[in-house]
Amino acid sequence: MSWSILKLLRENPEVLKEHVKKRFMDPSIIDEAYRTDLEWRKTLTVIQELRHKHNVISKEIPKLKGEEKEKKIREAKEVLRQLEELEKKLKQLEERRMKLLFSLPNIVHESVPMGPDDSYNVPIRFWGKPKVWSGYIEQFKEQTEKYGFKVEYEEISWKPVGHADMLENVLKLGDTYKAAQVAGSRFYYLFNDIVFLDMALLAYAIDYLTSKGYTLVLPPYMLRYKIMMGVIDMDTFKDAIYKIEGEDLYLIATAEHPLAALHAGEDLPEEILPLKYVGISPCFRKEAGAGNRDLKGIFRVHQFHKVEQFIYAKPEESWELMEELISNAEHLFQGLGIPYRVVNIASGDLGAPAAKKYDLEAWMPAQGRYREMVSCSNVTDWQAFRLRIRLIRRRGMIKEYLHTLNSTAIASTRTITAILENFQEPDGTVVIPKVLRKYLEIFKNAPIDAIHPVKKET
RNA sequence: GCCGGGGUGCCCGAGCGGCCUAAGGGGCUGGCCUUGAGAGCCAGUGGGCCAUGGGGCCCGCGCGGGUUCGAAUCCCGCCCCCGGCGCCA
(Lines give C-alpha, C1' and ligand atoms only; values in the text may rest on other atoms or scores of the structure.)
Protein backbone atom coordinates (compact mmCIF):
# COMPACT_ATOMS: atom_id res chain seq x y z
CA MET A 1 0.00 0.00 0.00
CA SER A 2 1.47 3.30 -0.86
CA TRP A 3 0.89 6.98 -0.70
CA SER A 4 1.84 8.57 -4.01
CA ILE A 5 3.91 11.30 -2.39
CA LEU A 6 5.87 9.00 -0.05
CA LYS A 7 6.51 6.63 -2.94
CA LEU A 8 7.93 9.46 -5.01
CA LEU A 9 9.95 10.76 -2.06
CA ARG A 10 11.69 7.40 -1.69
CA GLU A 11 12.02 6.41 -5.30
CA ASN A 12 12.60 9.72 -6.99
CA PRO A 13 13.06 12.66 -4.64
CA GLU A 14 14.35 14.90 -7.42
CA VAL A 15 11.05 14.67 -9.26
CA LEU A 16 9.16 15.47 -6.08
CA LYS A 17 11.44 18.44 -5.59
CA GLU A 18 10.43 19.71 -9.03
CA HIS A 19 6.80 19.66 -7.90
CA VAL A 20 7.65 21.72 -4.84
CA LYS A 21 9.56 24.18 -7.01
CA LYS A 22 6.53 24.52 -9.25
CA ARG A 23 4.71 25.86 -6.21
CA PHE A 24 7.54 28.31 -5.53
CA MET A 25 8.10 26.69 -2.17
CA ASP A 26 11.48 25.91 -0.65
CA PRO A 27 12.52 22.53 -2.11
CA SER A 28 14.94 21.82 0.74
CA ILE A 29 11.99 20.34 2.59
CA ILE A 30 12.28 17.36 0.26
CA ASP A 31 15.92 16.77 1.15
CA GLU A 32 15.08 16.94 4.81
CA ALA A 33 12.11 14.63 4.48
CA TYR A 34 14.15 12.18 2.43
CA ARG A 35 17.01 12.10 4.96
CA THR A 36 14.71 11.82 7.94
CA ASP A 37 12.69 9.01 6.38
CA LEU A 38 15.88 7.13 5.56
CA GLU A 39 17.32 7.54 9.05
CA TRP A 40 14.02 6.53 10.59
CA ARG A 41 13.99 3.34 8.55
CA LYS A 42 17.58 2.50 9.48
CA THR A 43 16.99 3.10 13.15
CA LEU A 44 13.79 1.10 13.01
CA THR A 45 15.63 -1.84 11.51
CA VAL A 46 18.24 -1.82 14.29
CA ILE A 47 15.54 -1.60 16.95
CA GLN A 48 13.55 -4.43 15.43
CA GLU A 49 16.62 -6.64 15.53
CA LEU A 50 17.11 -5.84 19.19
CA ARG A 51 13.47 -6.47 19.95
CA HIS A 52 13.76 -9.81 18.24
CA LYS A 53 16.73 -10.67 20.43
CA HIS A 54 14.73 -9.69 23.48
CA ASN A 55 11.73 -11.72 22.40
CA VAL A 56 13.89 -14.81 21.95
CA ILE A 57 15.34 -14.44 25.44
CA SER A 58 11.92 -13.81 26.98
CA LYS A 59 10.54 -16.98 25.50
CA GLU A 60 13.31 -19.06 27.02
CA ILE A 61 12.77 -17.76 30.53
CA PRO A 62 9.67 -19.75 31.53
CA LYS A 63 11.45 -22.98 30.59
CA LEU A 64 14.34 -22.30 32.98
CA LYS A 65 14.73 -22.58 36.74
CA GLY A 66 16.91 -21.14 39.50
CA GLU A 67 20.23 -19.53 38.69
CA GLU A 68 19.91 -20.08 34.93
CA LYS A 69 16.60 -18.25 34.93
CA GLU A 70 18.06 -15.34 36.87
CA LYS A 71 20.87 -15.12 34.37
CA LYS A 72 18.47 -14.93 31.43
CA ILE A 73 16.43 -12.25 33.14
CA ARG A 74 19.59 -10.18 33.62
CA GLU A 75 20.37 -10.71 29.95
CA ALA A 76 16.89 -9.53 28.94
CA LYS A 77 17.27 -6.45 31.11
CA GLU A 78 20.54 -5.64 29.42
CA VAL A 79 18.88 -5.72 25.99
CA LEU A 80 16.10 -3.51 27.31
CA ARG A 81 18.69 -1.01 28.49
CA GLN A 82 20.13 -0.85 25.00
CA LEU A 83 16.69 -0.48 23.52
CA GLU A 84 15.63 2.33 25.79
CA GLU A 85 18.02 4.86 24.33
CA LEU A 86 17.42 3.84 20.73
CA GLU A 87 13.68 3.98 21.16
CA LYS A 88 13.92 7.50 22.46
CA LYS A 89 15.82 8.38 19.33
CA LEU A 90 13.30 6.55 17.15
CA LYS A 91 10.41 8.39 18.71
CA GLN A 92 12.03 11.72 17.98
CA LEU A 93 12.79 10.64 14.43
CA GLU A 94 9.28 9.44 13.91
CA GLU A 95 7.77 12.68 15.14
CA ARG A 96 10.10 14.62 12.89
CA ARG A 97 9.31 12.32 9.98
CA MET A 98 5.54 12.61 10.36
CA LYS A 99 5.76 16.35 10.73
CA LEU A 100 7.77 16.55 7.53
CA LEU A 101 5.52 14.16 5.64
CA PHE A 102 2.51 16.12 6.78
CA SER A 103 4.04 19.33 5.52
CA LEU A 104 4.56 18.02 2.00
CA PRO A 105 2.29 19.56 -0.61
CA ASN A 106 0.49 17.47 -3.18
CA ILE A 107 2.01 16.55 -6.53
CA VAL A 108 1.05 19.19 -9.09
CA HIS A 109 -1.03 17.95 -12.01
CA GLU A 110 0.49 18.41 -15.46
CA SER A 111 -2.38 20.62 -16.65
CA VAL A 112 -1.77 23.25 -13.96
CA PRO A 113 -0.34 26.53 -15.30
CA MET A 114 3.09 27.45 -13.93
CA GLY A 115 3.47 30.69 -12.03
CA PRO A 116 4.14 32.12 -8.61
CA ASP A 117 0.82 33.85 -7.94
CA ASP A 118 -2.75 34.40 -9.06
CA SER A 119 -1.71 36.64 -11.92
CA TYR A 120 -0.68 33.41 -13.66
CA ASN A 121 -4.10 31.84 -13.31
CA VAL A 122 -5.48 30.91 -16.70
CA PRO A 123 -9.13 31.48 -17.62
CA ILE A 124 -10.39 28.47 -19.50
CA ARG A 125 -13.94 29.52 -20.32
CA PHE A 126 -16.38 32.34 -19.94
CA TRP A 127 -20.13 32.30 -19.62
CA GLY A 128 -22.81 34.97 -19.69
CA LYS A 129 -23.04 38.52 -20.93
CA PRO A 130 -21.51 40.77 -18.28
CA LYS A 131 -22.76 44.28 -17.68
CA VAL A 132 -19.72 46.48 -18.01
CA TRP A 133 -19.74 50.12 -16.98
CA SER A 134 -18.16 52.41 -19.59
CA GLY A 135 -15.28 53.25 -17.24
CA TYR A 136 -14.36 49.60 -16.88
CA ILE A 137 -14.24 48.57 -20.53
CA GLU A 138 -10.45 48.60 -20.60
CA GLN A 139 -9.99 46.50 -17.52
CA PHE A 140 -12.73 44.15 -18.66
CA LYS A 141 -10.73 43.48 -21.80
CA GLU A 142 -7.67 42.93 -19.66
CA GLN A 143 -9.53 40.07 -18.03
CA THR A 144 -10.94 38.55 -21.21
CA GLU A 145 -9.30 39.45 -24.50
CA LYS A 146 -5.84 39.33 -23.03
CA TYR A 147 -6.38 35.59 -22.70
CA GLY A 148 -7.73 35.26 -26.21
CA PHE A 149 -11.43 35.18 -25.33
CA LYS A 150 -13.95 37.33 -27.11
CA VAL A 151 -16.63 37.83 -24.48
CA GLU A 152 -19.84 39.58 -25.47
CA TYR A 153 -20.82 42.25 -22.97
CA GLU A 154 -23.42 44.91 -22.36
CA GLU A 155 -22.02 48.37 -21.85
CA ILE A 156 -23.81 50.42 -19.25
CA SER A 157 -23.36 54.12 -18.79
CA TRP A 158 -24.27 54.24 -15.08
CA LYS A 159 -21.91 52.89 -12.48
CA PRO A 160 -23.50 50.24 -10.31
CA VAL A 161 -23.34 50.68 -6.56
CA GLY A 162 -20.95 48.29 -4.82
CA HIS A 163 -22.43 45.33 -2.97
CA ALA A 164 -21.45 46.68 0.44
CA ASP A 165 -23.18 50.03 -0.13
CA MET A 166 -26.17 48.30 -1.65
CA LEU A 167 -26.59 46.15 1.41
CA GLU A 168 -25.93 48.77 4.01
CA ASN A 169 -27.22 52.01 2.50
CA VAL A 170 -29.44 51.43 -0.50
CA LEU A 171 -31.43 48.39 0.62
CA LYS A 172 -30.61 48.84 4.30
CA LEU A 173 -30.82 45.11 4.83
CA GLY A 174 -27.46 44.62 6.49
CA ASP A 175 -25.62 46.14 9.39
CA THR A 176 -21.90 45.45 9.63
CA TYR A 177 -21.26 48.40 11.94
CA LYS A 178 -23.39 47.09 14.75
CA ALA A 179 -21.98 43.62 14.18
CA ALA A 180 -18.46 45.04 14.44
CA GLN A 181 -19.31 46.57 17.81
CA VAL A 182 -20.65 43.36 19.24
CA ALA A 183 -18.52 40.73 17.48
CA GLY A 184 -15.82 42.49 15.48
CA SER A 185 -15.10 43.36 11.89
CA ARG A 186 -16.08 40.87 9.19
CA PHE A 187 -19.28 39.99 11.00
CA TYR A 188 -22.73 41.08 9.92
CA TYR A 189 -26.37 41.29 10.69
CA LEU A 190 -28.60 40.55 7.72
CA PHE A 191 -32.31 41.26 7.67
CA ASN A 192 -35.51 40.16 5.99
CA ASP A 193 -35.21 39.88 2.20
CA ILE A 194 -31.48 39.17 2.27
CA VAL A 195 -31.99 36.40 4.79
CA PHE A 196 -34.71 34.88 2.64
CA LEU A 197 -32.34 35.14 -0.30
CA ASP A 198 -29.61 33.40 1.68
CA MET A 199 -31.92 30.52 2.50
CA ALA A 200 -33.28 30.30 -1.03
CA LEU A 201 -29.79 30.08 -2.49
CA LEU A 202 -28.92 27.22 -0.18
CA ALA A 203 -32.17 25.43 -0.97
CA TYR A 204 -31.58 25.91 -4.69
CA ALA A 205 -28.14 24.29 -4.50
CA ILE A 206 -29.33 21.46 -2.28
CA ASP A 207 -32.31 20.77 -4.51
CA TYR A 208 -30.18 20.54 -7.64
CA LEU A 209 -27.44 18.35 -6.20
CA THR A 210 -29.72 15.94 -4.39
CA SER A 211 -31.69 15.56 -7.61
CA LYS A 212 -28.39 14.52 -9.21
CA GLY A 213 -28.06 11.76 -6.64
CA TYR A 214 -25.75 13.45 -4.15
CA THR A 215 -26.38 12.42 -0.54
CA LEU A 216 -27.42 15.36 1.61
CA VAL A 217 -25.45 15.78 4.83
CA LEU A 218 -25.71 18.03 7.84
CA PRO A 219 -22.28 17.51 9.41
CA PRO A 220 -20.61 18.38 12.71
CA TYR A 221 -19.49 22.01 12.83
CA MET A 222 -16.51 21.22 15.04
CA LEU A 223 -13.78 18.62 14.69
CA ARG A 224 -10.87 17.30 16.72
CA TYR A 225 -7.33 18.49 16.03
CA LYS A 226 -6.25 15.16 14.59
CA ILE A 227 -9.05 15.21 12.04
CA MET A 228 -8.45 18.86 11.16
CA MET A 229 -4.81 18.12 10.40
CA GLY A 230 -5.94 15.28 8.17
CA VAL A 231 -7.99 17.63 6.09
CA ILE A 232 -5.99 20.83 5.80
CA ASP A 233 -2.41 22.06 5.70
CA MET A 234 -0.65 24.01 8.42
CA ASP A 235 -1.02 27.35 6.64
CA THR A 236 -4.76 27.02 6.38
CA PHE A 237 -4.87 25.91 9.98
CA LYS A 238 -3.08 29.07 11.12
CA ASP A 239 -5.00 31.46 8.90
CA ALA A 240 -8.49 30.09 9.04
CA ILE A 241 -9.31 27.91 12.00
CA TYR A 242 -11.04 28.94 15.22
CA LYS A 243 -10.46 26.89 18.35
CA ILE A 244 -12.91 26.16 21.13
CA GLU A 245 -11.33 27.26 24.37
CA GLY A 246 -10.40 24.45 26.72
CA GLU A 247 -11.46 21.64 24.38
CA ASP A 248 -9.90 19.65 21.60
CA LEU A 249 -12.35 21.12 19.11
CA TYR A 250 -12.00 23.38 16.11
CA LEU A 251 -14.72 25.13 14.12
CA ILE A 252 -14.96 23.95 10.54
CA ALA A 253 -14.07 26.39 7.77
CA THR A 254 -16.22 24.49 5.30
CA ALA A 255 -18.34 21.33 5.19
CA GLU A 256 -15.50 19.82 3.18
CA HIS A 257 -13.75 19.13 6.49
CA PRO A 258 -16.41 17.01 8.19
CA LEU A 259 -17.31 15.38 4.87
CA ALA A 260 -13.72 14.24 4.39
CA ALA A 261 -13.80 13.01 7.99
CA LEU A 262 -16.99 11.04 7.39
CA HIS A 263 -15.07 7.97 6.21
CA ALA A 264 -11.82 8.54 8.12
CA GLY A 265 -10.06 5.28 8.90
CA GLU A 266 -12.35 3.25 6.66
CA ASP A 267 -11.74 0.82 3.83
CA LEU A 268 -14.36 1.29 1.15
CA PRO A 269 -15.08 -1.46 -1.37
CA GLU A 270 -14.52 -0.19 -4.89
CA GLU A 271 -18.03 -0.95 -6.09
CA ILE A 272 -19.59 1.70 -3.84
CA LEU A 273 -17.35 4.41 -5.31
CA PRO A 274 -17.73 7.15 -6.24
CA LEU A 275 -19.50 8.37 -3.10
CA LYS A 276 -21.04 11.77 -3.75
CA TYR A 277 -22.10 14.07 -0.96
CA VAL A 278 -23.60 17.50 -0.67
CA GLY A 279 -23.09 19.08 2.72
CA ILE A 280 -24.59 22.21 4.17
CA SER A 281 -23.03 24.07 7.04
CA PRO A 282 -21.91 27.38 8.39
CA CYS A 283 -18.26 28.14 7.69
CA PHE A 284 -16.03 29.86 10.23
CA ARG A 285 -12.86 31.53 9.06
CA LYS A 286 -10.38 33.76 10.82
CA GLU A 287 -9.21 35.35 7.56
CA ALA A 288 -5.95 36.01 9.38
CA GLY A 289 -3.93 36.42 6.20
CA ALA A 290 -6.42 38.73 4.50
CA GLY A 291 -5.19 42.01 5.91
CA ASN A 292 -7.47 44.82 4.87
CA ARG A 293 -8.77 43.15 1.75
CA ASP A 294 -12.54 43.26 1.20
CA LEU A 295 -13.08 44.75 4.61
CA LYS A 296 -16.46 46.18 3.73
CA GLY A 297 -19.65 44.26 3.29
CA ILE A 298 -20.13 40.54 3.31
CA PHE A 299 -17.73 39.38 0.62
CA ARG A 300 -15.04 38.18 3.00
CA VAL A 301 -16.42 37.37 6.44
CA HIS A 302 -15.73 35.23 9.48
CA GLN A 303 -18.93 33.28 9.12
CA PHE A 304 -21.22 32.30 6.26
CA HIS A 305 -23.33 29.46 4.93
CA LYS A 306 -22.18 27.15 2.23
CA VAL A 307 -23.40 24.17 0.29
CA GLU A 308 -20.43 21.99 -0.51
CA GLN A 309 -19.91 19.08 -2.88
CA PHE A 310 -17.60 16.27 -1.85
CA ILE A 311 -16.62 13.07 -3.65
CA TYR A 312 -14.70 9.95 -2.65
CA ALA A 313 -13.35 8.46 -5.87
CA LYS A 314 -11.26 5.74 -7.38
CA PRO A 315 -7.97 7.27 -8.54
CA GLU A 316 -8.66 6.50 -12.19
CA GLU A 317 -11.96 8.39 -12.06
CA SER A 318 -11.03 11.47 -10.07
CA TRP A 319 -10.08 13.79 -12.92
CA GLU A 320 -13.32 13.10 -14.71
CA LEU A 321 -15.26 13.72 -11.49
CA MET A 322 -13.49 17.01 -10.96
CA GLU A 323 -15.04 18.16 -14.25
CA GLU A 324 -18.43 17.04 -12.97
CA LEU A 325 -18.02 19.10 -9.81
CA ILE A 326 -17.11 22.29 -11.60
CA SER A 327 -19.86 21.79 -14.14
CA ASN A 328 -22.39 21.39 -11.30
CA ALA A 329 -21.27 24.71 -9.89
CA GLU A 330 -21.47 26.27 -13.34
CA HIS A 331 -24.97 24.93 -13.78
CA LEU A 332 -26.01 26.67 -10.58
CA PHE A 333 -24.51 30.00 -11.61
CA GLN A 334 -25.96 29.72 -15.09
CA GLY A 335 -29.35 29.15 -13.51
CA LEU A 336 -28.90 32.31 -11.50
CA GLY A 337 -27.79 34.15 -14.62
CA ILE A 338 -24.56 35.42 -13.09
CA PRO A 339 -21.81 35.88 -15.72
CA TYR A 340 -18.62 34.09 -14.75
CA ARG A 341 -15.37 32.63 -15.88
CA VAL A 342 -13.62 29.45 -14.82
CA VAL A 343 -9.92 29.78 -14.13
CA ASN A 344 -7.25 27.13 -13.81
CA ILE A 345 -5.29 28.13 -10.71
CA ALA A 346 -1.54 28.61 -11.13
CA SER A 347 0.89 26.27 -9.36
CA GLY A 348 2.14 28.90 -6.94
CA ASP A 349 -1.40 29.85 -5.93
CA LEU A 350 -2.55 26.29 -5.20
CA GLY A 351 -3.09 25.26 -1.61
CA ALA A 352 -0.89 22.41 -0.42
CA PRO A 353 -3.66 19.77 -0.51
CA ALA A 354 -4.71 20.39 -4.13
CA ALA A 355 -3.18 18.74 -7.17
CA LYS A 356 -5.30 21.03 -9.31
CA LYS A 357 -7.88 23.71 -8.63
CA TYR A 358 -10.52 25.55 -10.60
CA ASP A 359 -12.11 28.72 -9.37
CA LEU A 360 -15.41 29.97 -10.66
CA GLU A 361 -15.25 33.76 -10.63
CA ALA A 362 -18.34 35.91 -11.00
CA TRP A 363 -18.27 39.21 -12.81
CA MET A 364 -18.75 42.03 -10.32
CA PRO A 365 -20.04 45.09 -12.25
CA ALA A 366 -19.29 47.62 -9.51
CA GLN A 367 -15.72 46.42 -9.08
CA GLY A 368 -15.06 45.73 -12.75
CA ARG A 369 -13.45 42.44 -11.78
CA TYR A 370 -14.11 38.75 -11.76
CA ARG A 371 -14.16 37.54 -8.15
CA GLU A 372 -14.01 34.06 -6.67
CA MET A 373 -17.33 32.42 -5.88
CA VAL A 374 -16.48 28.74 -6.10
CA SER A 375 -13.36 26.72 -5.54
CA CYS A 376 -13.10 23.19 -6.92
CA SER A 377 -10.15 20.93 -6.09
CA ASN A 378 -8.90 17.44 -6.72
CA VAL A 379 -6.72 16.65 -3.72
CA THR A 380 -5.98 13.11 -5.01
CA ASP A 381 -4.68 10.98 -2.13
CA TRP A 382 -3.39 13.86 0.01
CA GLN A 383 -6.30 13.82 2.47
CA ALA A 384 -6.86 10.07 2.12
CA PHE A 385 -3.35 9.33 3.37
CA ARG A 386 -3.69 11.64 6.34
CA LEU A 387 -7.12 10.27 7.26
CA ARG A 388 -6.30 6.68 6.23
CA ILE A 389 -9.15 6.26 3.81
CA ARG A 390 -8.66 3.41 1.40
CA LEU A 391 -10.48 1.56 -1.29
CA ILE A 392 -10.43 -2.20 -1.66
CA ARG A 393 -10.04 -3.66 -5.11
CA ARG A 394 -12.18 -6.76 -5.25
CA ARG A 395 -9.73 -8.56 -7.48
CA GLY A 396 -7.02 -9.63 -5.07
CA MET A 397 -8.38 -7.63 -2.13
CA ILE A 398 -5.80 -4.94 -2.79
CA LYS A 399 -5.99 -1.80 -0.68
CA GLU A 400 -4.92 1.63 -1.82
CA TYR A 401 -5.61 5.24 -0.93
CA LEU A 402 -8.57 6.69 -2.72
CA HIS A 403 -8.97 10.21 -4.05
CA THR A 404 -11.08 12.98 -2.56
CA LEU A 405 -12.46 16.02 -4.32
CA ASN A 406 -14.36 19.02 -3.14
CA SER A 407 -16.11 21.99 -4.62
CA THR A 408 -18.30 24.81 -3.51
CA ALA A 409 -21.84 24.62 -4.78
CA ILE A 410 -23.07 27.92 -3.35
CA ALA A 411 -21.50 30.12 -0.71
CA SER A 412 -24.44 32.25 0.30
CA THR A 413 -22.98 35.62 1.25
CA ARG A 414 -20.60 35.78 -1.70
CA THR A 415 -23.31 34.81 -4.10
CA ILE A 416 -25.50 37.53 -2.61
CA THR A 417 -22.81 40.11 -3.35
CA ALA A 418 -22.80 38.95 -6.98
CA ILE A 419 -26.59 39.21 -7.15
CA LEU A 420 -26.56 42.70 -5.62
CA GLU A 421 -24.20 43.93 -8.30
CA ASN A 422 -25.31 41.99 -11.35
CA PHE A 423 -29.06 42.41 -11.02
CA GLN A 424 -29.06 45.96 -9.82
CA GLU A 425 -31.08 48.49 -11.78
CA PRO A 426 -30.22 52.16 -12.03
CA ASP A 427 -32.79 53.00 -9.33
CA GLY A 428 -31.25 50.54 -6.88
CA THR A 429 -33.82 47.78 -7.31
CA VAL A 430 -32.32 44.28 -7.28
CA VAL A 431 -34.05 41.77 -9.51
CA ILE A 432 -34.15 38.29 -8.04
CA PRO A 433 -33.10 35.41 -10.31
CA LYS A 434 -36.15 33.45 -11.43
CA VAL A 435 -34.76 30.07 -10.37
CA LEU A 436 -34.98 31.20 -6.75
CA ARG A 437 -38.68 31.93 -6.97
CA LYS A 438 -39.89 28.52 -5.88
CA TYR A 439 -37.58 28.59 -2.89
CA LEU A 440 -38.87 32.01 -1.85
CA GLU A 441 -42.56 31.35 -2.41
CA ILE A 442 -42.72 29.10 0.62
CA PHE A 443 -42.32 32.17 2.85
CA LYS A 444 -45.29 34.53 3.09
CA ASN A 445 -43.13 37.63 3.44
CA ALA A 446 -40.27 36.76 1.15
CA PRO A 447 -39.62 38.87 -1.95
CA ILE A 448 -40.40 37.11 -5.20
CA ASP A 449 -39.31 39.27 -8.12
CA ALA A 450 -37.16 42.02 -6.69
CA ILE A 451 -35.76 43.68 -3.63
CA HIS A 452 -36.46 47.38 -3.52
CA PRO A 453 -34.36 50.19 -2.13
CA VAL A 454 -35.53 52.04 0.92
CA LYS A 455 -37.10 55.33 -0.12
CA LYS A 456 -34.94 58.27 0.77
CA GLU A 457 -36.48 60.32 3.53
CA THR A 458 -36.87 63.90 2.44
C1' G B 1 -21.94 16.00 34.80
C1' C B 2 -22.39 11.50 38.24
C1' C B 3 -22.89 5.97 39.01
C1' G B 4 -22.72 1.12 36.70
C1' G B 5 -21.63 -2.20 32.24
C1' G B 6 -18.72 -2.54 27.90
C1' G B 7 -15.00 -1.69 23.39
C1' U B 8 -10.80 -8.17 20.61
C1' G B 9 -9.28 -8.72 13.22
C1' C B 10 -13.92 -7.08 7.47
C1' C B 11 -18.22 -9.08 10.90
C1' C B 12 -19.75 -12.29 15.13
C1' G B 13 -17.19 -14.21 19.14
C1' A B 14 -13.49 -16.96 22.87
C1' G B 15 -9.39 -15.67 25.85
C1' C B 16 -8.57 -12.39 31.52
C1' G B 17 0.16 -12.56 33.16
C1' G B 18 4.36 -17.02 29.55
C1' C B 19 1.24 -23.32 25.67
C1' C B 20 -1.79 -16.23 22.07
C1' U B 21 2.26 -17.65 16.55
C1' A B 22 -5.34 -14.20 19.11
C1' A B 23 -9.34 -20.29 19.29
C1' G B 24 -13.96 -21.09 16.61
C1' G B 25 -17.58 -19.43 13.08
C1' G B 26 -19.23 -16.16 9.10
C1' G B 27 -17.97 -13.00 5.03
C1' C B 28 -14.60 -11.73 1.21
C1' U B 29 -10.31 -12.94 -2.33
C1' G B 30 -7.45 -16.61 -5.03
C1' G B 31 -6.87 -21.78 -6.40
C1' C B 32 -8.63 -26.99 -7.09
C1' C B 33 -13.04 -29.55 -8.71
C1' U B 34 -17.46 -28.64 -12.32
C1' U B 35 -20.17 -27.80 -19.12
C1' G B 36 -21.81 -23.65 -15.70
C1' A B 37 -23.60 -22.53 -10.79
C1' G B 38 -23.65 -24.53 -6.00
C1' A B 39 -21.53 -27.70 -2.50
C1' G B 40 -16.82 -29.43 -1.00
C1' C B 41 -11.49 -28.99 -0.29
C1' C B 42 -6.87 -25.89 0.12
C1' A B 43 -4.65 -21.13 0.83
C1' G B 44 -4.99 -15.97 1.85
C1' U B 45 -7.62 -11.94 4.30
C1' G B 46 -4.27 -5.36 10.31
C1' G B 47 0.16 -2.02 9.78
C1' G B 48 5.40 -1.54 9.06
C1' C B 49 10.87 -2.51 8.31
C1' C B 50 14.64 -5.36 5.74
C1' A B 51 15.45 -8.62 1.55
C1' U B 52 13.25 -9.00 -2.81
C1' G B 53 14.17 -16.02 -6.59
C1' G B 54 10.29 -17.93 -2.59
C1' G B 55 11.81 -15.21 2.74
C1' G B 56 13.04 -12.93 7.67
C1' C B 57 11.60 -9.80 11.49
C1' C B 58 8.99 -5.95 14.38
C1' C B 59 4.54 -3.77 16.03
C1' G B 60 -0.82 -4.57 16.63
C1' C B 61 -6.78 -6.70 20.98
C1' G B 62 -10.64 1.56 21.38
C1' C B 63 -6.26 5.62 21.98
C1' G B 64 -1.97 7.11 25.02
C1' G B 65 1.22 6.11 29.15
C1' G B 66 2.95 2.69 33.17
C1' U B 67 4.23 -2.09 36.01
C1' U B 68 6.97 -6.78 34.42
C1' C B 69 12.36 -10.59 31.81
C1' G B 70 7.18 -11.26 29.60
C1' A B 71 0.53 -7.67 29.00
C1' A B 72 -5.43 -8.66 24.94
C1' U B 73 -4.96 -10.07 30.25
C1' C B 74 -2.67 -5.84 35.90
C1' C B 75 -2.46 -0.11 36.96
C1' C B 76 -3.34 5.28 35.41
C1' G B 77 -5.30 9.07 31.91
C1' C B 78 -8.37 9.95 27.60
C1' C B 79 -12.09 8.72 23.68
C1' C B 80 -16.43 6.17 22.26
C1' C B 81 -20.90 2.85 22.96
C1' C B 82 -25.02 0.82 26.29
C1' G B 83 -28.16 1.42 30.91
C1' G B 84 -29.69 4.58 35.16
C1' C B 85 -29.79 9.51 37.62
C1' G B 86 -29.23 14.78 36.91
C1' C B 87 -29.39 19.01 33.51
C1' C B 88 -31.26 21.02 29.00
C1' A B 89 -33.60 23.12 23.42
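Chain naming here is simple, since letters A, B, ... match the order of the sequence lines and numbering starts at 1 in each.
With both ends at atom C1', the span from rC16(B) to rG6(B) equals 15 Å, rounded to whole Å. Comparing the same atom, C1', in rG15(B) and in rA72(B) gives a spacing of 8 Å after rounding to whole Å. rC42(B) and rG24(B) are spaced 12 Å apart, taking the P atom of each and rounding to whole Å. Nucleotides rU8(B) and rC81(B) have their P atoms positioned 14 Å apart, rounded to a whole Å. Rounded to whole Å, the P atom of rG17(B) lies 36 Å from the corresponding atom of rC85(B). Comparing the same atom, P, in rC79(B) and in rG64(B) gives a spacing of 15 Å after rounding to whole Å. Comparing the C1' positions of rA89(B) and rG13(B) gives a spacing of 41 Å, expressed to the nearest Å. Look at the C1' atom in both rG46(B) and rC61(B): the space between them is 11 Å, to the nearest Å.
Rounding to whole angstrom units, CD1 of residue Ile392(A) and P of rG27(B) are separated by 17 Å. Counting to the nearest Å, the P atom of rG62(B) and the NZ atom of Lys226(A) are 15 Å from each other. Rounded to a whole Å, the CD atom of Glu247(A) is 14 Å from the C1' atom of rC78(B). Rounded to whole Å, the distance from CG on Asp37(A) to C1' on rC49(B) is 11 Å. Rounded to whole angstrom, the span from the CG atom of Leu223(A) across to the P atom of rC80(B) amounts to 13 Å. We find that CZ of Arg388(A) is positioned 6 Å from C1' of rG47(B), with the value rounded to whole Å. Between the CH2 atom of Trp3(A) and the P atom of rG48(B) there is a distance of 14 Å, given to the nearest Å. With rounding to whole Å, Arg97(A) atom CZ is found 12 Å from rG47(B) atom C1'.
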Go along nucleotides 50-60 of chain B 5' to 3' and tag each nucleotide: B for a protein heavy atom under 4.0 Å from its base, S when only backbone or sugar atoms are that close, - otherwise. S------SBS-
Worked verdict on Leu104(A) versus Ile30(A) for side chain to side chain contact (heavy atoms under 4.5 Å, CB included): CA-CA 8 Å; Leu104(A) 297 179; Ile30(A) 298 302; 3.7 Å; yes
Working note: Ser407(A) + Asn328(A), criterion side-chain hydrogen bond (donor to acceptor under 3.5 Å, both in side chains); need CA distance, chi angles, decisive distance, verdict. CA-CA 9 Å; Ser407(A) 173; Asn328(A) 286 342; over 6 Å; no
Tell me, with the steps shown, if Lys296(A) and Glu168(A) meet salt bridge (charged side-chain N to carboxylate O under 4.0 Å, His left out). CA-CA 10 Å; Lys296(A) 285 193 164 179; Glu168(A) 209 103 16; over 6 Å; no
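With hydrogens and angles disregarded, a donor-acceptor distance shorter than 3.5 Å links the side chain of Ser347(A) to the backbone of Lys22(A). Side-chain N or O atoms of Arg414(A) include none that pairs as donor or acceptor with a backbone N or O of Met373(A) at under 3.5 Å. In this structure, Glu421(A) contributes its side chain and His163(A) its backbone to a donor-acceptor pair below 3.5 Å. In this structure, Asn378(A) contributes its side chain and Leu405(A) its backbone to no donor-acceptor pair below 3.5 Å.
The side chain to side chain contact (heavy atoms under 4.5 Å, CB included) check on Phe385(A) picks up Trp3(A), Phe102(A), Tyr401(A), with sequence neighbours excluded. With sequence neighbours left out, the ring pair (Phe, Tyr, Trp, His ring centres under 6.0 Å) criterion links His452(A) to no other residue.
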Using nucleotides 68-70 of chain B, report all nitrogen or oxygen pairs with the protein that are shorter than 3.5 Å.
from	atom 1	to	atom 2	distance (Å)
rC69(B)	OP1	Lys77(A)	NZ	3.0
rC69(B)	O2'	His54(A)	NE2	3.0
rC69(B)	O2'	Ser58(A)	OG	3.2

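Ion pairing between a basic and an acidic side chain is recognised when a charged N comes within 4.0 Å of a carboxylate O; Glu287(A) and Arg186(A) show no such pairing.
Judged purely by distance below 3.5 Å, without hydrogens or angles, the side chains of Tyr242(A) and His302(A) pair a donor atom with an acceptor atom.
Here ring pair (Phe, Tyr, Trp, His ring centres under 6.0 Å) pairs that include residues 43-71 of chain A, with residues two or more places apart or in two chains, number zero.
Residues Arg224(A) and Asp267(A) each lie close to RNA chain B; by heavy-atom proximity, the contact nearer the 5' end of the strand is made by Asp267(A).
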Can you run through RNA chain B from 5' to 3' and write each base as (, ), [, ], | or . depending on how it pairs? Watson-Crick or G-U wobble, both distances under 3.5 Å. ((((((((.[[[..)..(.....]]]((((((.......))))))(((((....)))))..[[[[[..)....]]]]])))))))....
